[in-house]
There are 2 protein chains.
Amino acid sequence: MSLPRAKLVKNFPGCPVEATLTYLDGKWKGVILFHLMQGTLRFNELRRKLPAVTQRMLTKQLRELEESGLVSRTVYPVVPPRVEYAMTPLGMTLEPVIQALAAWGDDYVFCSPEGRELRLASDGLRAPIAALEA
Amino acid sequence: MSLPRAKLVKNFPGCPVEATLTYLDGKWKGVILFHLMQGTLRFNELRRKLPAVTQRMLTKQLRELEESGLVSRTVYPVVPPRVEYAMTPLGMTLEPVIQALAAWGDDYVFCSPEGRELRLASDGLRAPIAALEA
DNA sequence: GTACGTAGTACCCAAAAGGATACTGTAAAA
DNA sequence: TTTTACAGTATCCTTTTGGGTACTACGTAC
């Protein structure tokens with residue numbers, strides 16, 4: 001039973017939530033999808049949007065997304081190489097999901113200016129946006 | 001930079017998608033939230049819904065959800081012990097997110113009867129539901 | 001008197017995820 | 001002539017995650 005999460009299904013009988021999360025699982029997949037949702041990007045363009053990712057990790061995550069069929073990879077046989085990543089039609093169907101995730105993040109997750117911690121504010125105690133800019 | 005994913009924020013500047021995923025990250029959180037969304041459950045009730053989870057893991061995931069403020073834990077000082085887990089008001093705000101995840105899972109992820117693999121069907125090639133019941 | 005159900009802990013171990021660093025080849029730019 | 005950009009690989013290592021097993025306390029049922 002020590003299988004990678006992505007291969008496990010029978011543990012979550014009939015749970016479509018976990019089924020979906022399986023495809024979003026991976027440290028950079030969320031951000032990658034978020035950016036590609038807004039348009040095709042080349043490898044290094046994407047890399048510049050993710051300051052802390054290493055080449056190895058970015059490649060790995062992209063390959064997994066490609067294997068899932070959510071992202072397409074197009075290689076132009078030129079020198080220097082040109083490789084473009086884009087959402088597939090299937091990937092596009094994730095839009096409402098990404099939207100929902102983004103909306104919740106915007107509404108309930110706050111990052112301190114130092115960028116160290118996530119904070120959740122409950123309904124009433126919603127921190128004013130100004131507090132973030134101080 | 002080798003920090004647990006949950007503590008990393010500066011790697012994902014302004015990405016609310018990752019911010020949200022941070023809280024859903026963990027092998028059993030998705031299913032747990034899915035079930036608690038439908039009502040309060042005791043520890044062992046939840047355990048029975050997740051055939052493969054171990055006590056240790058269930059406890060761990062619940063504690064993390066509690067720490068995030070998404071789930072509440074109520075202990076009744078009786079013997080044998082009675083502990084109830086429920087969504088907090090904040091946790092409830094995740095409903096549209098869970099809904100979106102569940103909807104996508106229902107529409108695009110297919111599990112073979114053997115429960116071994118996940119399959120994605122693209123728009124047109126949508127497998128008939130009957131195929132699952134054969 | 002033994003077993004069962006409740007809700008856990010403690011301890012140890014394997015697997016997976018993620019990260020650091022160095023390396024590739026070509027062409028154009030400096 | 002050296003450097004830069006491109007899009008990666010390869011190798012090694014650490015951290016994190018998740019799982020296995022055994023153990024606790026208490027009261028009730030058999």
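In what follows, chains are A, B, ... by sequence order, proteins preceding strands, each numbered from 1. Since we're looking at a predicted model, the values are computed, not measured.
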Checking Leu24(B) against Leu94(B) for the side-chain contact (heavy atoms from CB on, under 4.5 Å) test, could you report, in this order, the C-alpha distance in whole Å, the side-chain angles of both residues, the deciding distance, and whether it holds?
CA-CA 10 Å; Leu24(B) 303 181; Leu94(B) 272 174; 4.2 Å; yes
Base of dG8(D) paired with side chain of Arg56(A) (donor-acceptor, under 3.5 Å):
no
Just jot down the salt bridge (Lys or Arg N to Asp or Glu O under 4.0 Å) partners of [X], sequence neighbours excluded, or say none.
X: Glu66(B); answer: Arg63(B)
X: Glu84(B); answer: Arg82(B)
X: Lys29(A); answer: Glu64(A)
X: Arg47(B); answer: none

Thr54(A) or Val75(B): which one's nearest nucleotide on DNA chain C is closer to the 5' end?
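Per heavy-atom nearest nucleotide, the more 5' residue is Val75(B).
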Give every residue pair that meets the salt bridge (charged side-chain N to carboxylate O under 4.0 Å, His left out) criterion with at least one member in residues 87-98 of chain B, sequence neighbours excluded.
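Counting only pairs at least two positions apart or across chains, no salt bridge (charged side-chain N to carboxylate O under 4.0 Å, His left out) contact touches residues 87-98 of chain B.
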Under 4.0 angstrom, heavy atoms only, what part of the nucleic acid is Tyr85(B) near: base, sugar-phosphate, or nothing?
sugar-phosphate
Listed once per pair and sorted, the side-chain hydrogen bond (donor to acceptor under 3.5 Å, both in side chains) pairs that draw on residues 50-59 of chain A, sequence neighbours left out:
none
Report the end-to-end axis angle of the helix from dG1(C)-dC30(D) to dA30(C)-dT1(D); each axis comes from five terminal pairs, and the value is rounded to 10°.
20°
Could you give the [atom1]-to-[atom2] distance, from [X] to [N], as a whole number of Å?
X: Leu24(B); N: dT17(D); atom1: CG; atom2: P; answer: 15 Å
X: Leu46(A); N: dC6(D); atom1: CG; atom2: P; answer: 13 Å
X: Ile32(B); N: dG18(D); atom1: CD1; atom2: P; answer: 11 Å
X: Asp25(B); N: dT16(D); atom1: CG; atom2: P; answer: 13 Å

Heavy-atom contacts under 4.0 Å between residues 57-66 of chain A and DNA chain D, which residues?
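Thr59(A), Arg63(A) - these, ordered by number, are the residues of the stretch whose heavy atoms sit under 4.0 Å from the strand.
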Hits for side-chain hydrogen bond (donor to acceptor under 3.5 Å, both in side chains) against Arg73(B), two or more places apart or cross-chain, chain-then-number order -> Tyr85(B)
Can you name the side-chain hydrogen bond (donor to acceptor under 3.5 Å, both in side chains) partners of Arg48(B), sequence neighbours left out?
none
Taking the hydrophobic residues Ile, Leu, Val, Met, Phe, Trp and Tyr, and joining any pair whose side-chain heavy atoms are under 4.5 Å apart, which ones share a cluster with Tyr76(A)?
Val78(A)
Check the interface with nucleotides 4-6 of chain C: list each N/O to N/O pair with the protein under 3.5 Å, or write none.
unit_1: dT6(C); atom_1: OP1; unit_2: Arg48(B); atom_2: NH2; d: 3.0
unit_1: dT6(C); atom_1: OP2; unit_2: Asn44(B); atom_2: ND2; d: 3.0
unit_1: dT6(C); atom_1: OP2; unit_2: Arg48(B); atom_2: NH2; d: 3.4
unit_1: dT6(C); atom_1: O5'; unit_2: Asn44(B); atom_2: ND2; d: 3.4
unit_1: dT6(C); atom_1: O3'; unit_2: Arg42(B); atom_2: NH2; d: 3.1
unit_1: dT6(C); atom_1: O3'; unit_2: Pro81(B); atom_2: O; d: 3.0

Show your working on side-chain contact (heavy atoms from CB on, under 4.5 Å) between Trp104(A) and Tyr23(B) and close with a plain yes or no.
CA-CA 11 Å; Trp104(A) 195 84; Tyr23(B) 291 94; 4.2 Å; yes
